[in-house]
Amino acid sequence: MELILLFPALTNIFDIRQQVQKSLGVIFGVTLCLSLILHSCFLIPKTQLQPLTIGITTWPGFDIVLYAKATGIFKGRGLDVNLVRFENQQDSSRAVMRGSLDAAFVALWDAVQVDAGDDKPVIVLVTNISYGADGIVAQAPIKTVKDLKGKRVGAKLGTVNHLILLEALQQHKMLPTDVQIADVANETAAQLVEKKQLDAAVIWQPLLGETAKKAQGNIIYTTKEVDSLVIDTLLTRKANVQAKKTELIKFLSAWLDIMYAVQTKPAEVYEKVAQLLQQSPVSFASDYAGLKKGDIPMQKRMFQDQGRLQQGLEQMSQLLQSDKRAGRLPRQDLEINRELITTAIEGWKS
């Protein structure tokens with residue numbers, strides 16, 4: 001009888017042992033899975049942002065971006081930004097459209113005339129608007145824009161200088177044909193005015209003031225007189241808006257960091273940028289003072305529905321068509337992208 005009673009007891013012990021083994025197996029399996037998951041977090045690299053290659057020409061409204069390179073703002077945003085210098089914005093605009101650059105700092109005037117290609121040009125940022133930094137210097141007898149009638153004015157056709165001249169003539173109710181245009185670049189025009197070989201020239205600061213002094217002439221017009229169409233921007237192409245969307249938004253956030261620094265500690269910004277440009281801080285500060293900076297209020301004004309950017313494009317189109325000497329027609333497919341800058345503004349914190 002004792003042996004018969006022992007079998008049920010052994011059976012119960014065996015069942016319990018099996019249950020314990022199963023439980024331990026489950027615990028071991030869960031522990032192993034958690035260990036592998038945690039281990040894999042260290043093995044799998046974090047998603048890296050793609051580098052950005054951006055074209056830039058010498059202009060205070062663009063050169064201010066050097067502050068981000070000097071202070072690590074780009075690095076803080078997780079960006080690897082390569083700034084490539086160009087002699088003119090026509091070349092940098094073409095490089096964007098041909099895929100050699102991800103974006104470029106260019107005037108809206110140059111963006112609207114960029115060569116046709118397989119992709120659309122897209123504006124994603126306004127860096128500044130000229131507010132006195134560009135103008136017309138003339139020989140001493142010439143006192144006003146109206147006095148330019150029949151005179152020879154230096155301005156490279158199709159460039160921003162040409163735009164400034166057309167804007168000035170329109171402001172003073174004159175026709176493009178009221179003046180003769182000498183198709184020469186900025187520095188050449190200044191030299192010809194100094195040598196008394198041109199009646200006037202469209203140039204920018206600091207050359208504008210320097211030329212007036214050397215020629216003992218007059219500055220008869222600056223962009224401070226109008227809500228200028230000399231609107232400077234960041235140009236990219238449609239394919240990049242999707243392919244490098246995250247990187248572009250972070251770049252725009254870094255730009256807002258720069259604008260905040262200009263607002264809160266301008267002396268530091270000007271000093272660091274001037275050092276990189278081998279220029280005096282006072283000189284750079286003076287040049288930058290002739291611009292309206294591309295801060296958050298500026299972006300909101302420019303990119304809102306039917307905002308200043310859209311109005312500017314329409315006015316530029318009219319001016320281009322009013323003077324056939326420009327030799328180019330405005331592109332009709334240039335796109336204004338509000339999404340990227342709006343996202344950057346919404347997520348930005350000082």
Side-chain angles (χ1 to χ4, degrees), residues 56-67 70 83 85-90 92 105-107 109-110 127-140 142-143 145 148 153-156 159-165 167-168 182 184-226 228-233 258-259 261-262 266-294:
I56 183 171
T57 51
T58 300
W59 173 245
F62 301 154
D63 286 326
I64 200 77
V65 78
L66 298 177
Y67 181 73
L83 296 172
R85 285 280 171 183
F86 281 77
E87 289 295 322
N88 63 72
Q89 295 169 30
Q90 293 87 354
S92 60
F105 290 108
V106 303
W109 180 256
D110 288 304
T127 62
N128 63 272
I129 296 177
S130 181
Y131 189 64
D134 302 271
I136 302 174
V137 59
Q139 303 294 348
I142 300 171
K143 306 292 186 184
V145 172
L148 290 176
V153 182
K156 190 69 179 172
T159 67
V160 171
N161 289 24
H162 188 193
L163 167 65
I164 294 163
L165 177 59
E167 197 172 38
V184 292
N186 200 63
E187 290 78 7
T188 303
Q191 293 170 6
L192 292 174
V193 169
E194 289 177 37
K195 295 175 181 178
K196 311 297 182 185
Q197 294 175 9
L198 275 180
D199 298 304
V202 182
I203 48 181
W204 56 73
Q205 295 287 18
L207 202 54
L208 180 64
E210 292 171 359
T211 304
K213 185 176 181 180
K214 290 178 181 177
Q216 298 182 329
N218 304 309
I219 296 175
I220 61 171
Y221 170 86
T222 75
T223 47
K224 201 169 185 177
E225 290 187 29
V226 293
S228 181
L229 292 173
V230 184
I231 301 168
D232 294 315
T233 69
I258 298 166
M259 293 298 98
V262 171
E268 176 188 306
V269 176
Y270 301 148
E271 182 176 358
K272 288 188 178 295
V273 174
Q275 185 177 7
L276 291 171
L277 295 172
Q278 298 183 333
Q279 186 179 353
S280 77
V282 173
S283 175
F284 183 80
S286 176
D287 293 346
Y288 196 75
L291 307 174
K292 293 179 182 179
K293 67 180 182 294

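Values reported hereafter were calculated over all heavy atoms of this structure, with side chains retained and with hydrogens, waters and symmetry mates removed.
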(request) Only counting residues at least two apart or in another chain, list the ones meeting side-chain hydrogen bond (donor to acceptor under 3.5 Å, both in side chains) with D110. (result) Q90

Quick one: side chains of residues 210-220, donor-acceptor pairs under 3.5 Å with protein atoms, not counting sequence neighbours, listed by atom name and distance.
unit_1	atom_1	unit_2	atom_2	d
T211	OG1	L207	O	2.7
N218	ND2	A140	O	2.9
N218	ND2	I142	O	2.9

(message) Can you confirm whether I56 sits close enough to S92 that some side-chain heavy atom of one is under 4.5 Å from a side-chain heavy atom of the other?
(response) no

(request) Taking all heavy atoms of L165 and all of A155, pick out the closest pair and write down the distance. (result) CD2-CB, 4.5 Å

(request) Name all pairs fulfilling the salt bridge (Lys or Arg N to Asp or Glu O under 4.0 Å) condition that reach into residues 266-278, sequence neighbours left out, sorted by first residue then second. (result) K265-E268

(message) Once salt bridge (Lys or Arg N to Asp or Glu O under 4.0 Å) is applied, do any residues pair with K292, and if so which ones, sequence neighbours excluded?
(response) none

(request) Classify the ring geometry between Y288 and F284 as parallel (under 30°), tilted (30 to 60°) or perpendicular (over 60°). (result) parallel

(message) Could you measure the distance from the OG1 atom of T233 to the CD atom of Q89? Nearest 0.5 Å is fine.
(response) 8.0 Å

(request) Assess whether side chain to side chain contact (heavy atoms under 4.5 Å, CB included) is satisfied between V153 and L198, documenting all intermediate values. (result) CA-CA 6 Å; V153 182; L198 275 180; over 6 Å; no

(message) How about CD on Q275, more than 12 heavy atoms from neighbouring residues, nucleotides or ligands closer than 6.0 Å, or not?
(response) no

(message) With a 4.5 Å cut-off on side-chain heavy atoms, are I258 and I64 touching?
(response) yes

(message) What's the separation between atom OG1 in T57 and atom CG in N88, rounded to the nearest 0.5 Å?
(response) 8.0 Å

(message) Just so I know, are the side chains of W59 and V160 near enough to count as touching, which here means a heavy-atom distance under 4.5 Å?
(response) no

(message) Please report the interatomic distance CZ(F86) to OG1(T58), rounded to the nearest 0.5 Å.
(response) 12.5 Å

(request) Answer whether the closest heavy-atom distance between the side chains of F62 and V106 falls below 4.5 Å. (result) no

(request) Of all the heavy-atom pairs spanning A200 and V193, show the shortest one and how long it is. (result) C-CG2, 3.8 Å

(request) Check whether any side-chain N or O of E187 sits under 3.5 Å from a backbone N or O of Q191 as a donor-acceptor pair, and report yes or no. (result) no

(request) Taking the side chain as every heavy atom from C-beta outward, state whether N128 and K293 have any pair of such atoms under 4.5 Å apart. (result) no

Please report, to 0.1 Å, the donor-acceptor pairs under 3.5 Å made by any side chain of residues 130-137, with sequence neighbours excluded.
unit_1	atom_1	unit_2	atom_2	d
S130	OG	D134	OD2	2.5
S130	OG	T223	OG1	2.6

(message) Do V202 and H162 have side chains that approach each other closer than 4.5 Å (heavy atoms only, starting at C-beta)?
(response) no

(request) Enter the distance from Y67:OH to Y270:OH here, rounded to the nearest 0.5 Å. (result) 11.5 Å

(request) Please answer whether the main-chain N or O of T159 pairs with a side-chain N or O of W109 as donor and acceptor at a distance below 3.5 Å. (result) yes

(message) Give me the atom names and distance for the closest heavy-atom approach of I203 to A189.
(response) CG2-CB, 4.5 Å

(request) Check the pair Q279 / D287 against side chain to side chain donor-acceptor pair (under 3.5 Å), numbers first and verdict last. (result) CA-CA 11 Å; Q279 186 179 353; D287 293 346; 3.2 Å; yes

(message) Show me the pairs that pass salt bridge (Lys or Arg N to Asp or Glu O under 4.0 Å) and involve residues 195-204, at least two apart or across chains.
(response) none

(message) I'd like to know if the side chain of S228 pairs up with that of E167 as donor and acceptor (distance under 3.5 Å, no hydrogens or angles considered).
(response) yes

(message) Does any part of the side chain of V230, heavy atoms only, come nearer than 4.5 Å to the side chain of I129, both counted from C-beta?
(response) no

(request) Could you check V184 against K156 for side chain to side chain contact (heavy atoms under 4.5 Å, CB included), going step by step and ending with a plain yes or no? (result) CA-CA 5 Å; V184 292; K156 190 69 179 172; 5.9 Å; no

(request) Indicate yes or no: at least one non-hydrogen side-chain atom of F105 is less than 4.5 angstrom from one of D232. (result) no

